[in-house]
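Before any comments, here is the structure.
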Amino acid sequence: MNKNTNFQNLEENYLFKEIGDRANAYLTAHPDQQLLRMGVGDVTRPLPAAIVQAMQQAVSELGQAATFRGYCLEEGYEWLRRTIIDHDYAPLDIDLDVSEVFIGEGAGSDLGNLSELFARENRVAILDPSYPAYADSSIMAGRPVTFLPCHAENGFVPELPAEKADIIYLCFPNNPTGTVLRREQLAEWVRYARENKSIIIFDAAYEAYITQPDIPHSIYEIDGAKEVAIEVRSFSKSAGFTSVRCGFTVVPKETGLQAMWLRRQCTKYNGTSYVSQRAAQATYTPEGHAGIRANLDFYLGTAHLIRQRLHTMGYEAYGGENAPYIWCRAPHRWNSWTFFDHLLNECQVLCTPGVGFGKSGEGYVRFSAFSKREDCEEALKRIQKL
Ligand code: PLP
């Protein structure tokens with residue numbers, strides 16, 4: 001047996017361990033203090049009652065002979081795939097066939113697994129900073145990677161790669177910067193992909209946070225995108241499903257990849273839990289939708305509060321309007337960790353150092369709207385006193 005030596009090329013991701021170590025060291029030295037957590041990357045509000053009831057109903061069906069179910073189709077129940085098309089795509093005039101929508105256990109695994117469809121020598125373009133799954137799965141597969149810096153100076157809009165990219169991961173609304181692409185900016189990427197015969201893997205995990213009317217919710221709103229784009233969505237951040245686990249991936253037939261992805265899923269994935277799929281379906285009912293909308297509005301309210309208060313204090317802060325994240329430039333040209341330590345030591349506030357998401361994240365920190373509202377309010381008061 002020879003190991004996959006590509007794993008040696010992965011950078012050790014110390015980010016969350018290092019944050020934990022520094023927080024613990026502070027608490028050991030100051031046992032009477034409590035930390036205000038503004039770096040939370042996971043949802044914190046409970047599931048709406050309508051979704052819990054749908055899950056309970058699904059569980060009791062599994063406990064009765066007449067309604068028991070075993071494996072479902074690897075690509076998911078047709079009732080859920082049709083519901084997704086009717087609610088998420090038809091209103092945008094996007095015409096999809098049910099065979100192009102694949103239910104999965106969330107975006108994280110599909111984003112990595114999709115890389116099995118492509119030849120090893122393909123060059124991958126990845127935003128810097130970004131969610132680590134794109135770079136790590138590409139490096140594990142041994143592919144060359146081009147990083148596309150995103151910073152305030154280019155408005156967090158990545159420049160088209162100088163070197164031809166075959167696979168492009170785009171994530172908008174973006175984690176960690178909280179920024180979005182306007183329609184014409186996304187259209188540039190679709191044009192690039194068509195000209196270069198590239199494929200865009202569009203991570204729309206935060207689509208539900210879009211509030212501005214001119215921001216595309218789906219890459220398929222752009223003409224010609226169906227030939228060059230796969231879209232990955234998740235119920236994790238839209239409906240609070242980080243523990244329930246459910247998401248979906250759209251692979252249009254025009255990409256020439258739909259049959260391959262179906263084959264891959266049938267071989268390696270035995271389908272998403274019935275209970276999770278019923279829960280996902282309940283997010284589209286009037287009661288379920290109202291419940292998740294209330295949670296989204298709460299998070300967006302927290303994001304607005306953080307962003308506005310940071311602006312009032314004179315900080316350079318981005319995002320938070322169409323995303324649950326606020327990307328804040330460290331003052332005095334400090335680096336990410338210096339600002340992190342300053343907030344920890346002077347305000348007992350925990351944030352996420354931007355450099356942990358990539359080199360271009362240096363000099364920024366990420367605040368999260370998933371943090372408790374009272375923690376944010378108190379944290380912002382303390383930051384103001386700095
Ligand atoms: N994509 C982005 C940009 C994320 O931030 C996350 C989770 O934080 C995911 C994908 C993965 O989400 P999940 O696997 O829970 O669907």
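Just so it is clear, the structure is predicted and the values come from calculations on it, not from any experiment. First listed ligand is number 1; within each ligand, the first listed atom is number 1. Index from 1, following the sequence.
Against a heavy-atom cut-off of under 4.0 Å, C171 is close to the following atoms of ligand 1: 3 (C). Distances below 4.0 Å separate heavy atoms of Y134 from the following atoms of ligand 1: 3 (C). For ligand 1, the atoms sitting less than 4.0 Å from at least one non-hydrogen atom of S234 are 13 (P), 16 (O), numbered in the order shown with element in parentheses. The ligand atoms of ligand 1 that sit less than 4.0 angstrom from a heavy atom of S236 are 13 (P), 15 (O), 16 (O). Contact atoms of ligand 1 toward K237: 7 (C), 8 (O) (distance under 4.0 Å to a heavy atom of the residue). Interface of G106 with ligand 1, defined as ligand atoms under 4.0 Å from a residue heavy atom, comprises 14 (O), 16 (O). Ligand-side atoms of ligand 1 in range of R245: 13 (P), 14 (O), 15 (O), range being under 4.0 angstrom from any heavy atom.
Scanning the protein for heavy atoms near atom 11 (C) of ligand 1, the closest one is Y131 OH, 3.2 Å. In this structure, the protein non-hydrogen atom closest to atom 3 (C) of ligand 1 is D203 OD2, 3.3 Å.
Residue-ligand proximity: F235 is placed with every non-hydrogen atom at 4.0 Å or more from ligand 1. The closest approach between any non-hydrogen atom of N174 and ligand 1 is not below 4.0 Å. The closest approach between T242 and ligand 1 stays at or above 4.0 Å for every heavy atom of the residue.
The aromatic rings of F367 and F339 lie perpendicular to each other, with more than 60° between the two planes, well past the 30° mark. The aromatic rings of Y77 and W79 lie parallel to each other, with less than 30° between the two planes, well short of the 60° mark. Taking the six-membered ring for Trp and thresholds of 30 and 60 degrees, Y169 and Y134 have nearly parallel ring planes, at less than 30 degrees apart.
Residue V232 does not touch ligand 1, judged by heavy-atom distances below 4.0 Å. Using a 4.0 Å cut-off between heavy atoms, F241 makes no contact with ligand 1 at all.
Comment: K381 does not engage E377 in a salt bridge, judged by the lack of any side-chain N to carboxylate O separation of less than 4.0 angstrom. Between E116 and K268 there is a salt bridge, since at least one side-chain N of the basic residue sits less than 4.0 Å from a carboxylate O of the acidic one. In summary, E100 and K253 do not engage in a salt bridge, as defined by a charged side-chain N under 4.0 Å from a carboxylate O. The pair D297-R293 counts as a salt bridge, with a side-chain nitrogen and a carboxylate oxygen less than 4.0 angstrom apart.
Aromatic pair Y315/H311: ring centres not closer than 6.0 Å.
Note that R22 lies in the cation-pi zone of W337, set by a 6.0 Å cut-off to the ring centre and a 45° limit from the axis.
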Would I84 and I103 count as a side chain to side chain contact (heavy atoms under 4.5 Å, CB included) here? Give the steps.
CA-CA 10 Å; I84 288 168; I103 309 299; 3.6 Å; yes
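In terms of polar-atom proximity, defined here as any N/O pair under 3.5 Å, Y325 makes no such contact with ligand 1. Some N or O of A107 is nearer than 3.5 Å to an N or O of ligand 1, by distance alone. Residue S109 places no N or O, backbone or side chain, under 3.5 Å from any N or O of ligand 1.
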For residues 39-48, which side-chain N or O atoms pair as donor and acceptor with protein atoms under 3.5 Å away, sequence neighbours left out?
| unit_1 | atom_1 | unit_2 | atom_2 | d |
| --- | --- | --- | --- | --- |
| D42 | OD1 | T242 | OG1 | 2.7 |
| T44 | OG1 | F370 | O | 2.8 |
| R45 | NE | N295 | OD1 | 3.0 |

